[in-house]
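All values below were derived from every heavy atom in this structure, side-chain atoms included, with hydrogens, water molecules and symmetry-related copies excluded.
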Amino acid sequence: MQAQAPKPISVRKAALRQRLVELGARLEAIEEELDSHHNPDWEDLATEREGDEVLEATGQAGLAEISQIRAALRRIEDGSYGFCVRCGEPIAEARLDALPWTPLCRSCAQ
């Protein structure tokens with residue numbers, strides 16, 4: 001199997017920034033949904049609250065991803081993007097394609 005040609009860093013940076021925009025919009029929609037629940041019926045409100053727990057978990061996952069993306073963008077700026085923060089080895093292109101914000105090579109991630 002032949003190694004994949006590296007994507008230009010500008011393409012990766014643009015994709016990371018686009019993902020930040022998408023996540024920001026998703027988090028805003030979640031916040032609006034959470035704020036919209038004012039049902040006076042206790043049974044309906046209980047059902048809404050169960051859904052809110054799912055929304056809150058999704059929001060927390062989004063916030064974590066935003067943090068990881070911002071860290072990746074800082075690594076792009078300082079020139080360390082694409083190298084494992086633990087061992088210093090290059091991160092495989094296929095791994096960066098799947099997880100463009102990853103700070104770790106496959107070996108260190110396991």
*Asks:* Report the C-alpha distance between Glu93 and Arg12 in whole Å, list the side-chain angles of each, state the deciding distance to 0.1 Å, and finish with yes or no for side-chain contact (heavy atoms from CB on, under 4.5 Å).
*Replies:* CA-CA 11 Å; Glu93 284 295 309; Arg12 293 216 183 267; 2.6 Å; yes
*Asks:* Looking only at non-hydrogen atoms, find the nearest pair between Arg75 and Trp101 and report the distance.
*Replies:* NH2-O, 2.8 Å
*Asks:* Can you tell me how far the CG atom of Leu63 sits from the CD atom of Gln68, to the nearest 0.5 Å?
*Replies:* 11.5 Å
*Asks:* Could you measure the distance from the CG atom of Leu96 to the NZ atom of Lys7? Nearest 0.5 Å is fine.
*Replies:* 9.5 Å
*Asks:* Closest approach of Cys105 and Cys84, non-hydrogen atoms and distance?
*Replies:* N-SG, 3.4 Å
*Asks:* Taking only Lys NZ, Arg NE, NH1 and NH2, and the carboxylate oxygens of Asp or Glu, determine whether Glu89 and Arg106 approach each other closer than 4.0 Å.
*Replies:* no
*Asks:* Any side-chain heavy atom of Ile9 within less than 4.5 Å of one from Tyr81?
*Replies:* yes
*Asks:* Would you compute the distance between atom CZ of Arg74 and atom CD1 of Ile69 and round it to the nearest 0.5 angstrom?
*Replies:* 11.5 Å
*Asks:* Where do Leu99 and Arg95 land on the side-chain contact (heavy atoms from CB on, under 4.5 Å) test, with the steps shown first?
*Replies:* CA-CA 6 Å; Leu99 298 166; Arg95 182 163 171 78; 3.8 Å; yes
*Asks:* Hey, could you give me the CD1/SG distance between Ile91 and Cys108, rounded to the nearest 0.5 Å?
*Replies:* 9.0 Å
*Asks:* Look at Glu22 together with Arg19 and state whether they make a salt bridge at an N to O cut-off of under 4.0 Å.
*Replies:* yes
*Asks:* Mind listing the closest non-hydrogen atom pair of Thr58 and Arg26 along with its distance?
*Replies:* CG2-CD, 4.4 Å
*Asks:* First locate atom CG of Leu16, then atom CD1 of Ile66, and finally report the distance between them rounded to the nearest 0.5 Å.
*Replies:* 12.5 Å
*Asks:* For a side-chain contact (heavy atoms from CB on, under 4.5 Å) check, start with the C-alpha distance between Gln110 and Leu104, then their side-chain angles and the critical distance, and finish with the verdict.
*Replies:* CA-CA 9 Å; Gln110 292 179 350; Leu104 301 172; over 6 Å; no
*Asks:* For the residue pair Glu32 and Glu28, establish whether any side-chain heavy-atom pair is separated by less than 4.5 Å.
*Replies:* yes
*Asks:* Drop me the distance from Leu73's CG to Arg17's CZ, to the nearest 0.5 angstrom.
*Replies:* 6.0 Å
